[in-house]
Amino acid sequence: MGEMYPFGEIESKWQRLWDWNGTFIAVDGDCRPKYYVLDMFPYPSGAGLHIGHPEGYTASDILARYHWANGYNVLHPMGWDAFGLPAEQHALQTGISPKLNTDQNVARFRGQIRRMGFAIDWTREINTTDQCYYRWTQWIFLQLFKRGLAFVDERPVWWCGALKAVLSNEEVVGGKSERGSHAVERRLLRQWVLRITAYADRLLDGLGDLDWPDSTKRQQIAWIGRSEGVEIDFAVDGSCGEVITVYSTRADTIMGATYLVLAPEHPAVKKITAPTHCGAVEKYCVEAARKGDLERTDLAKDKTGAFTGAYATHPLSGEKLPIWIADYVLPSYGTGAVMAVPAHDDRDYEFAKRFNLPMRVVVAGGGELPFCGYGTVCGSGQWLDGLECDGAKAVVLQKLKEKSAGRGAVKYKLRDWLFSRQRYWGEPIPIVWVRESDYGVLLGMAGSPYGEFLPEKPVCYEEAGEKFYAVPLPLEQLPLILPEVDDYRPSDCGESPLAKATDWVEAEINFASGQVRPRSAGGADGWVLARRETNTMPQWAGSCWYHLRYLSPNCLDAPVSREAEAYWGCPDFYIGGAEHAVLHLLYARFWHQFLCDIGVVTKAEPYPKLFHQGIILGEDGNKMSKSRGNVVNPDRVIGECGADALRVYEMFLGPLDAVKPWDSRGIGGPCRFLRRVWQLYVGADGGLSGTFSAAVEESDETDRMIHCTIRKVREDIELLHFNTALSQLMVALNHLQKLKKISIETGEIFLQLLAPFAPHLAEELWEKMGHGESIVRAQFPNYDVSKLSCALRKIVVQVNGKLRGELQVSQDASGEEIINLARSAESVIPHLVGRELADEVYVPGRLVNFVVRN
RNA sequence: GCCCGGAUGGCGGAAUCGGCAGACGCGUCGGACUCAAAAUCCGAUUCCUUUGCGGGAGUGAGGGUUCGACCCCCUCUCCGGGCACCA
């Protein structure tokens, strides 16, 4: 690469000026139309900015600058999703506090992002670990708590004794810990759970109106997994009086049921198992409990199971069906029990084969078993035979209802959200636990600051025979500040490191004031013993509502001020990685819908328009990673080519949503492009080049080129087709470079079109053209339709669909004239002579096609 | 296994209401400049064929619809993503 323009100087100059002038500060309540463009905020990792980050940020920045230049009041904020495991693990290794480490990482990220020259309103910067921020995360949690949407439950977790840690499913590989291959076991742990399932239908229905990528909507739909079916009751034989309720979406096959299967965890298993079968059943249950979700749901394995020795009565046929247990039935879905129809279900079929159970064909599908499709019911008795499956479902449901043996039911795959982590570096859950008797006192108190915060149904748990009740901290006591600790290792029994901060955990609470303090020696009047919750919130919590905090980052009495929410509403455009298609985007929708329910916000959906930028791969075509050694460092690229070149290159690489590899040589193109722009505009004396002059009258051709470029750039920005917009800008530059003289107006238009992509260079040249104000303050150019086309028009001539020539005709030439011209065109005649003309096709304004035979 | 998305020169990619395939950029080749090289500028660059003019083939493979298909339909291959015993 040869001599570049002084991009380093220019870029830092303009970054300083934008800052000093407050160029990109969004104005609350401004009378201009608002435009809110949001990036998924980054987790400030220790590795610094990745070359992938600027892709999405540049895209949103182009939109921000484009809208500023179109007269909008733009909000384009940035912040930090800074709680999370890596900082905690870093602390374990180095002893450096997560807070300090996070602050350092944030400082580095901020510096790197600033060097990209984004039009960000830095006065609204937020950080999820800031107590002024997490105060409101805690407040939202308490609102959920108050309405019964946050509760505790015993949930199985993986516990590794050697590591003294709770592990996630991903951290358990082949029944051993991923780190160190130690033994792991299932343990029940008291966990906070959010009742997201209460919002299942709304989360599903709300998708309808969203302008989101189809694949993301589909993923959310699949994740929620709504299904309609029936619950059917099967009475268990004998004196136990048990009824097994199964769930099925194929009631039409009910007469083909030949046995029942319960999940090993099903509560009825113990009660119904025949004494003769207890041994085998128990053994099977123990084995099933040992298996993890991954092992259990491994499709490759053979079906296993055990017979309980019990039978149930088919509600319609009266037949006795054997009851089995098998781990292919999941305890957490439906009723944890199924009626097996082996002739028409793959899994039941496999199981029946393995254990030699009978099959009965009840859907005529022809061919081999199992037949899982739809068809005509047969072998089910007169009342059902001959019906199509869909119709049969309704008839069966009716029959079941008559016999009080069944009912319609809707089930979801979506599970409630496990919301506690046994970690230090997260938002503390603002709850203390008190004894049953003390909770009774609280309930009886008039005018305590809690009254309205307590849930209708108390949240409690039992430990060593004693019950403990959850008491929320009142608003005045928030934020509950994360205490500093010396030791970031979890406790010996897998609790959060906070559990070891005894002085903090063992506390007392004053119900009258809501204050919590360390336990006093004597036990004072009005204070009761309390134990703090030591779990913290998952990293998702802070990102569930950050889009609201930007609107009024300093609001003291609500997560978001009413005026700010009324003015800014929701992001007009939200961009981030597709890896967040389900969890973040579902959790955030859940919280936002909830906040709408309680009147904090007025819109039900947080992100009406969403886009996923693609991934930038390493030069070797693989995902960038340290271990592969193919990571590209943005600092180095900025140092060598400048931020403008990096921005342009990333946008020129290909479609925004595509996965595309980095090519270190490829950036030379954008570098040369920007340098050629510089050389066109800047004269030998450093001022505006003499090529530009007010007195120039542009040629029609140049005029047409400019207006076509304006249109292309405008349309492409709105469609996010930045690669083709840049391509058009290159075409325009190639054209301008050939001109001896260029009008000032043309020169200005080109800079304005370039400005969203390469803002520093555009500002610098704009200044050289004599402007005192930022280029974003000048109205973005509009095109003149009358200047888009020329007097002559090209018509393509084909013979049998093959290109044989082209004509230049005037705009007003008739079809007949054009066909005659085409027929006599020199290059066309040889392909027509001696052949029979079968047809002439004329597509107005485009082409003529002669169809010939022989 | 199921559901999506994709496949275009040496490379990244353009072009889709069905109408000039290969815009723009990278790379490569040739030329200019230079003692020379780098950089820069100019030109060429899908493949085959032809001295040339031309001609032929061509958008993962095979078939179909059409005057005309990268684009629509059917079958298949490969790649990417998601889900994965959800009854």
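From a predicted model like this one, the values you see are computed outputs, not experimental measurements. Below, chains carry the letters A, B, ... as their sequence lines are ordered, and counting in each starts from 1.
Separation of the P atoms belonging to B:rC70 and B:rG63 is 15 Å when rounded to the nearest angstrom. The C1' atoms of B:rG1 and B:rU66 are separated by 37 Å, rounded to the nearest whole Å. Taking the C1' atom of each, B:rU8 and B:rU59 are spaced 4 Å apart, rounded to whole Å. Remark: the separation of the C1' atoms in B:rA14 and B:rC53 is 31 Å, to the nearest Å. The separation of B:rA15 from B:rG81, taken at their P atoms, amounts to 25 Å, rounded to a whole angstrom. Straight-line distance between the P atoms of B:rU51 and B:rC67: roughly 39 Å, to the nearest whole Å. Using atom C1' as the reference point in both B:rC26 and B:rG13, the two lie 10 Å apart (nearest Å).
Nucleotide B:rG31 is shown with an anti base, its glycosidic torsion being more than 90° from 0.
Among B:rC4, B:rA87, B:rG56, the nucleotide with an atom closest to any side-chain atom of A:Ser215 is B:rC4. For A:Ser248, the listed nucleotide lying nearest its side chain is B:rA87; candidates were B:rA87, B:rA23, B:rG12. When distances are taken from the side chain of A:Leu847 to each of B:rG19, B:rG25, B:rA87, the shortest belongs to B:rG19. Picking from B:rG19, B:rC26, B:rC85 the nucleotide with the shortest atom distance to the side chain of A:Asp663 gives B:rC26. Of the candidates B:rG19, B:rC4, B:rG56, the closest approach to any side-chain atom of A:Val841 belongs to B:rG19. Listed candidates were B:rC20, B:rU40, B:rA15. Nearest to the side chain of A:Arg672 is B:rU40. Candidate nucleotides B:rG82, B:rG13, B:rC67 were compared by shortest atom distance to the side chain of A:Gln219, and B:rG82 ranks first. The A:Asn734 side chain lies nearest to B:rC24 when the options are B:rC24, B:rC26, B:rG68. The A:Arg676 side chain lies nearest to B:rC41 when the options are B:rA87, B:rA15, B:rC41. Here the side chain of A:Arg665 is nearest to one of B:rG25, B:rC26, B:rC20, namely B:rC26.
Counting non-hydrogen atoms under 4.0 angstrom, A:Lys411 reaches nothing in the nucleic acid. At a threshold of 4.0 angstrom between heavy atoms, the contacts of A:Gln798 include nucleobase atoms, whether or not backbone atoms are also involved. Across all strands, A:Asp345 comes closer than 4.0 Å to no nucleic acid atom at all (heavy-atom distances). Across all strands, A:Asp348 comes closer than 4.0 Å to no nucleic acid atom at all (heavy-atom distances).
Contact check, A:Arg218 against B:rG82: no side-chain N or O comes under 4.0 Å of OP1 or OP2. OP1 or OP2 of B:rA87 lies within a sub-4.0 Å distance of a side-chain N or O belonging to A:Ser227. At B:rA14, one or more side-chain N or O atoms of A:Asn723 fall inside 4.0 Å of OP1 or OP2 (strictly under the cut-off). Phosphate proximity of B:rC17 to A:Arg846: absent, as no side-chain N or O sits under 4.0 Å from OP1 or OP2. OP1 and OP2 of B:rG81 both lie 4.0 Å or more from every side-chain N or O belonging to A:His612.
A 3.5 Å limit on both hydrogen-bonding distances identifies no Watson-Crick or G-U partner for B:rA14. Taking a pair to require two hydrogen-bonding distances under 3.5 Å in either a Watson-Crick or a G-U wobble arrangement, B:rA57 pairs with B:rU46. Of all nucleotides present, none satisfies the Watson-Crick or G-U wobble test against B:rA21 with each distance under 3.5 Å.
Note: A:Phe351 and A:Tyr328 have tilted aromatic rings, judged against thresholds of 30 and 60 degrees for the angle between ring planes.
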